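Here is the structure we will look at.
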Amino acid sequence: MSAQSIQEIHSKRFGTQGVVYQAPGRVNLIGEHTDTSEGYVMPAALDLRTISVLSPRSDTTANIYSVNFDEQVTLDLQHLPSRRRSHWSDYPTSVLWTLAQREIHPAGFDLTLSGDVPLGSGLSSSASVEVAVAVAVLAHAGITLTKPAIAKVCQFSENNFVGAQSGIMDPFTSCCGVENHALLIDCRSLDYEALPLASEVLLVICNSMVKHSLAGGGEYNARRAEVQAGVRILQQHYPDIHTLRDVTEEQLRRCENEMPEEIFRRCLHVVTENARVLQAAEALRSGDFLGFGRIMHQAHVSMRDNYAASCMETDLLVELAARQPGCFGARITGGGFGGCTINLVAADHADNFVRDVRSGYKDATGIQAEIYLSRASNGAGPLPQVS
Ligand code: ADP
Ligand code: MG
């Protein structure tokens, strides 16, 4: 839906035109399960986004309407809920809750939200909603925060009000994305660098449509526990290390015999993945997409064999992609156990890529994959007014 039609929906509902903002979803190109070890990640902001339209009110009421859910909630800004309701409104409410804790008290407003980031598919519609709310409400309150500071507000909101243990990568990318660039982010210092993605290269995201969530939820936490167990063993030899970010592959291999094989493999994934992100950054700096794609493939193999967080469906999508002309690289992206793959594809091959991967996947699994094409986009901000 265009920004103009969302603005029209807002005007019709609330009787005023409102200021329009946008905040993108994101995809991680490489660097999986490294953020929780304060390592490196390399996401890009998508041209799938949440649009927010805000107009001020003269009281202390916040009306928030989601076009996606066709539902409106009304909050009293002087008595915000202190707990989640397990409802979409938790995400916008969480941001207001965090701002209130930081003594930012906006006056009343009417807000319309509408997004084309697929919900719950690992492309971070949640962060895009939070950031779209945060930029609109902060501007309304007359407060200027840096983009990384806005990202931290949103991460805090999702962690402490919504109750999801998400990392900084999602809101950070939604805030700081750069058109036609990937972001190399150091999750310890939050230093980041925008690295060029040629405009002839498309981000193609294939949604396997499976989420092995029953097994996945527990497995996800089990992986984190295994990594922490590995760190404790390593710390007996290297007391200065805090996380796997501080460990070299050589140090890890020296301790291999002291840990169960599974723990060693989980740690090996994280340690080598950090190194791969830095190599991949080097490949982008020199415009070497083939080299970048080879590293993506190694990352997929490590996610599959060492971290054991892939599954038959995402392996198949990667295998199908690797056979397509014009595909530089493919890997599972996101937490794992299903979800999406990210593929870097030459723009002039994208149509054939989509057709062949979709039909190959349907033939083998009976499942109709959803496939999204995107370029890397700018982070959140105001959109030009349309009248
Ligand atoms: P992901 O971030 O991978 O898309 P999450 O489960 O973290 O998945 O977040 C999805 C949730 O975010 C939705 O179920 C909904 O509650 C909320 N959300 C996302 N987009 C919108 C929207 N446009 N309007 C209202 N709520 C939204
Ligand atoms: Mg999310």
Side-chain angles (χ1 to χ4, degrees), residues 1-3 5-7 9-10 13 20-28 32 35-36 41 43 45-46 48-54 62-75 81 84-97 110-137 151 154-175 205-213 216-217 220 314 332-342 370 372 374 380:
M1 200 181 285
S2 70
S5 29
I6 298 161
Q7 201 177 15
I9 292 172
H10 181 85
R13 173 168 288 262
V20 187
Y21 301 85
Q22 66 82 28
R26 65 93 190 96
V27 68
N28 193 17
E32 220 62 76
D35 59 342
T36 44
V41 293
L46 298 172
L48 304 166
R49 60 192 71 246
T50 300
I51 298 218
S52 56
V53 186
L54 184 146
N63 289 312
I64 306 175
Y65 173 64
S66 165
V67 176
N68 297 67
F69 288 87
D70 187 20
E71 193 182 4
Q72 181 174 317
V73 295
T74 297
L75 303 173
R84 67 164 181 257
R85 293 205 285 144
S86 300
H87 184 260
W88 65 264
S89 60
D90 291 345
Y91 294 85
T93 306
S94 73
V95 173
L96 300 171
W97 178 83
D110 295 321
L111 181 74
T112 298
L113 295 169
S114 177
D116 60 6
V117 187
L119 274 58
S121 296
L123 302 181
S124 216
S125 69
S126 59
S128 82
V129 165
E130 291 149 9
V131 175
V133 170
V135 292
V137 170
C154 294
Q155 185 196 10
F156 186 89
S157 305
E158 187 156 329
N159 291 168
N160 295 291
F161 188 93
V162 177
Q165 291 315 304
S166 42
I168 188 70
M169 170 169 71
D170 303 0
F172 196 91
T173 312
S174 185
C175 287
I205 298 150
C206 299
N207 190 343
S208 69
M209 311 303 280
V210 300
K211 191 73 207 159
H212 296 287
S213 56
Y220 182 85
T314 42
I332 185 172
T333 185
F337 311 103
C340 294
T341 61
I342 168 72
E370 277 181 16
Y372 321 103
S374 180

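All of these numbers come straight from a predicted model, not from anything done at the bench. Counting starts at 1 for both ligands and their atoms, following the listed order. Counting from 1, the numbers follow the sequence of the chain as shown.
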Can you list the ligand 1 atoms lying under 4.0 Å from a non-hydrogen atom of [X]?
X	value
Y91	9 (O), 11 (C), 12 (O), 16 (O), 17 (C)
L123	3 (O)
S124	1 (P), 2 (O), 3 (O), 4 (O)
G115	23 (N)
P118	4 (O)

Walk me through it: do D170 and E130 pass the test side chain to side chain contact (heavy atoms under 4.5 Å, CB included)? CA-CA 10 Å; D170 303 0; E130 291 149 9; over 6 Å; no
So which heavy atom on [X] is nearest to which on [Y], and how close?
X	Y	value
A164	N159	O-ND2, 2.8 Å
S174	S128	OG-CA, 4.0 Å
E158	S166	OE2-OG, 3.1 Å
N28	P43	OD1-N, 3.4 Å
D90	V162	O-CG2, 3.9 Å

Looking at [atom], what's its closest protein heavy atom, distance included?
atom	value
atom 10 (C) of ligand 1	S125 OG, 3.4 Å
atom 23 (N) of ligand 1	N68 OD1, 2.9 Å
atom 20 (N) of ligand 1	V129 CG2, 3.3 Å

Contact between ligand 1 and S128 is defined here as a heavy atom of the residue under 4.0 Å from a ligand atom; is it met?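 The answer is no, since S128 has no heavy atom less than 4.0 Å from ligand 1.
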Heavy-atom nearest neighbour of atom 13 (C) of ligand 1 within options L119, D70, V117: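 Among L119, D70, V117, the closest heavy atom to atom 13 (C) of ligand 1 belongs to L119.
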Per atom 7 (O) of ligand 1, closest listed option by heavy atom (G334, A132, G339, S126):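 Checking each option, the heavy atom nearest atom 7 (O) of ligand 1 is found in S126.
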With respect to the Mg ion (ligand 2), please indicate if S166 possesses an N, O or S atom at a distance under 2.8 Å.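 No N, O or S atom of S166 is closer than 2.8 Å to the Mg ion (ligand 2), so no.
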Short N/O distance, under 3.5 Å, between [X] and ligand 1?
X	value
H87	no
G122	yes
T50	no
G120	yes
S66	yes

Please state which part of W88 comes within less than 4.0 Å of ligand 1, counting heavy atoms only: side chain, backbone, both or neither.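 Both parts.
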Region of S121 engaging ligand 1 - heavy atom pairs below 4.0 Å: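 The answer is the backbone of S121.
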Among S125, P24, S124, whose side-chain contact (heavy atoms from CB on, under 4.5 Å) with V117 holds?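 It is S125, the one option of S125, P24, S124 that forms the side-chain contact (heavy atoms from CB on, under 4.5 Å) with V117.
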Residue from I64, V67, I51 passing side-chain contact (heavy atoms from CB on, under 4.5 Å) with L113: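 When I64, V67, I51 are each tested with L113, the side-chain contact (heavy atoms from CB on, under 4.5 Å) holds only for I64.
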What distance separates H10 NE2 from S52 OG, expressed to the nearest 0.5 Å?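 Answer rounded to 0.5 Å: 10.0 Å.
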State, with a plain yes or no, whether a side-chain heavy atom of T50 is found less than 4.5 Å away from one of Y91.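 Side-chain contact under 4.5 Å: no.
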Sort out for me which residue in D110, T112, D70 forms a side-chain hydrogen bond (donor to acceptor under 3.5 Å, both in side chains) with Y65.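 By the side-chain hydrogen bond (donor to acceptor under 3.5 Å, both in side chains) criterion, Y65 pairs with just one of D110, T112, D70: D70.
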Would you check if the side chain of S208 reaches a backbone N or O of G339 as a donor-acceptor pair within less than 3.5 Å?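 The answer is yes, because a donor-acceptor pair under 3.5 Å joins these two groups.
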